Amino acid sequence: MNPTRTVNPTRELAAFLRTRRERLNPHDVGLPARRQARRTPGLRREEVAELAGISIDYLVRLEQARPLRPSADVVEALARALRLAPDERTYLYDLTKQRPRATAKPPTTAAPSLARLVADLSPLPAMLTNHRYDLLAWNPEMARLLIDFDTLPPQQRNAMWLCLIHPEVREYYVDRERVVREGIAHLRAAWAAHTDDQVLNELITQCINHNEQFARLWDQRDVKINGRGHKVIRHPDAGEIAVDFEVLVPLQDPDQRLLIFRPADDDSQAAMDRLCTR
């Protein structure tokens, strides 16, 4: 029996640096190609250390998950050396605790004004979550499109849990692999900013140890914040409904996210109308 896996920011920092180093080629960073064949993919540690202006020993200890606390200057140098994308750079800063963190506990209920906004967005399907994907508020259209959230126990009112584990909802998405991959990449960025959130750590640990797809995609360490996109939902009563979505973050409540769906075409609009008038 495999041992239970947990998430740990020091080990994640080590793995993240290693995987980002291994995906780069010398020509990506302006280094000459070596005549001797490389036994492992990507850049060597000494090449990254030279690009970042840090010692090889320090980089080795970071990749060995030693309990170090790199400075903001070192983090920035590593981000440049590894050619990190903006979301990946923010993730690195979060893992090394170099970005200020909110001291307030994550919200478990919707701010009243945001709950009213979710209701006022009808007939567009809308819902409100926190950084854990916990569902804080939703309107009738979103419940018709996905599931009647009121029928679920509170601990199951989580968008990631529903997408991965709920026997009906997990089959709704036509391109489920992409939807789950993007959701996990977004969740990883949220986790790095809230590594002390024990409830979130427990959710991720549960998903890693009980869902093979989550474990496989989590290990790829993709980091991307998905503020908008496109999904196709295969609804058991209304058929396929294509939606475009936007994720908005209120300035007054930055730990809450407002998700809004819009039918992407006339056929999807007609299907949504039929669904909501049943």
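Keep in mind the model is a prediction, meaning the values are calculated, not measured. Scope of the values below: all heavy atoms of this structure, side chains included, with no hydrogens, waters or symmetry mates.
Of the candidates Leu136, Val118, Leu135, Leu145, Met127 forms a side-chain contact (heavy atoms from CB on, under 4.5 Å) with just one, namely Leu135.
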Between Thr6 and Asn209, is a side chain to side chain contact (heavy atoms under 4.5 Å, CB included) present by the stated rule, with each step listed?
CA-CA 9 Å; Thr6 59; Asn209 289 287; 6.0 Å; no
What verdict does the side chain to side chain contact (heavy atoms under 4.5 Å, CB included) test give for Leu92 and Leu78, after you've listed the backbone C-alpha separation in whole Å, the side-chain angles of each residue and the deciding distance to 0.1 Å?
CA-CA 9 Å; Leu92 181 62; Leu78 285 169; 4.3 Å; yes
Evaluate side chain to side chain contact (heavy atoms under 4.5 Å, CB included) for Leu164 paired with Arg170, printing each intermediate quantity in order.
CA-CA 6 Å; Leu164 286 168; Arg170 70 189 306 271; 6.0 Å; no
List the steps, then state whether side chain to side chain contact (heavy atoms under 4.5 Å, CB included) holds for Asp273 with Leu275.
CA-CA 5 Å; Asp273 291 342; Leu275 185 64; over 6 Å; no
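A salt bridge links Arg21 to Glu63: one of the charged nitrogens lies within less than 4.0 Å of a carboxylate oxygen. The pair Glu177-Arg216 meets the salt-bridge criterion, with a side-chain N (NZ, NE, NH1 or NH2) lying under 4.0 Å from an Asp/Glu carboxylate O. Between Glu76 and Arg89 there is a salt bridge, with a side-chain nitrogen of the basic residue lying less than 4.0 Å from a carboxylate oxygen of the acidic one. For the pair Arg257 and Asp134, the salt-bridge criterion is not met [side-chain N within less than 4.0 Å of a carboxylate O]. Ion pairing between a basic and an acidic side chain is recognised when a charged N comes within 4.0 Å of a carboxylate O; Arg234 and Glu171 show no such pairing. At a threshold of 4.0 Å, the pair Arg176-Glu182 does not count as salt-bridged, since none of the basic side-chain nitrogens sits closer than that to a carboxylate oxygen. Look at Asp244 and Arg228 and you find no salt bridge, because none of the NZ, NE, NH1 or NH2 atoms lies under 4.0 Å from a carboxylate O. One finds no salt bridge joining Arg116 and Asp120 here, because no Lys/Arg side-chain nitrogen approaches an Asp/Glu carboxylate oxygen to under 4.0 Å.
Glu50 meets the side chain to side chain donor-acceptor pair (under 3.5 Å) test with no other residue; sequence neighbours excluded. Partners of Ala15 under the side-chain contact (heavy atoms from CB on, under 4.5 Å) rule, at least two apart in sequence or in another chain, are Arg18, Arg221.
Note that CD1 of Ile165 is 9.5 Å distant from CZ of Phe214, once rounded to the nearest 0.5 Å. Rounded to the nearest 0.5 angstrom, Ser113 OG and Gln252 CD are separated by 8.0 Å. In this structure, OH on Tyr173 lies 4.5 Å from NZ on Lys231, to the nearest 0.5 angstrom. Atoms CD1 and CH2, on Ile184 and Trp218 in that order, are 8.0 Å from each other to the nearest 0.5 Å.
Thr205 places a side-chain N or O within donor-acceptor distance of the main-chain N or O of Asn201, the cut-off being under 3.5 Å. A donor-acceptor pair under 3.5 Å links the side-chain atoms of Glu88 to the main chain of Ala85, judged by distance alone. For Arg157 (side chain) and Phe149 (main-chain N/O), a donor-acceptor pair under 3.5 Å exists by modelled atom type. Judged by distance alone, the side chain of Glu47 and the main-chain N or O of Arg44 form a donor-acceptor pair under 3.5 Å. Without hydrogens or angle criteria, Thr195 side chain to Trp191 main chain gives no donor-acceptor distance under 3.5 Å. The main-chain N or O of Leu217 is never found under 3.5 Å from a side-chain atom of Asp222 such that the two would form a donor-acceptor pair.
Closest approach of Asp253 to Ala111, counting heavy atoms only: OD2-CB, 4.0 Å.
Side-chain contact of Arg66 with Thr10: a donor-acceptor pair under 3.5 Å is absent, judged by distance alone. At a cut-off of 3.5 Å, with distance as the only test, no side-chain donor of Asp94 or His194 sits close to an acceptor on the other residue.
Ring planes of Phe16 and Tyr91: perpendicular class, angle over 60° (limits at 30 and 60°).
Sorted by first and then second residue, the salt bridge (charged side-chain N to carboxylate O under 4.0 Å, His left out) pairs with a member in residues 141-154 form an empty list; sequence neighbours excluded.
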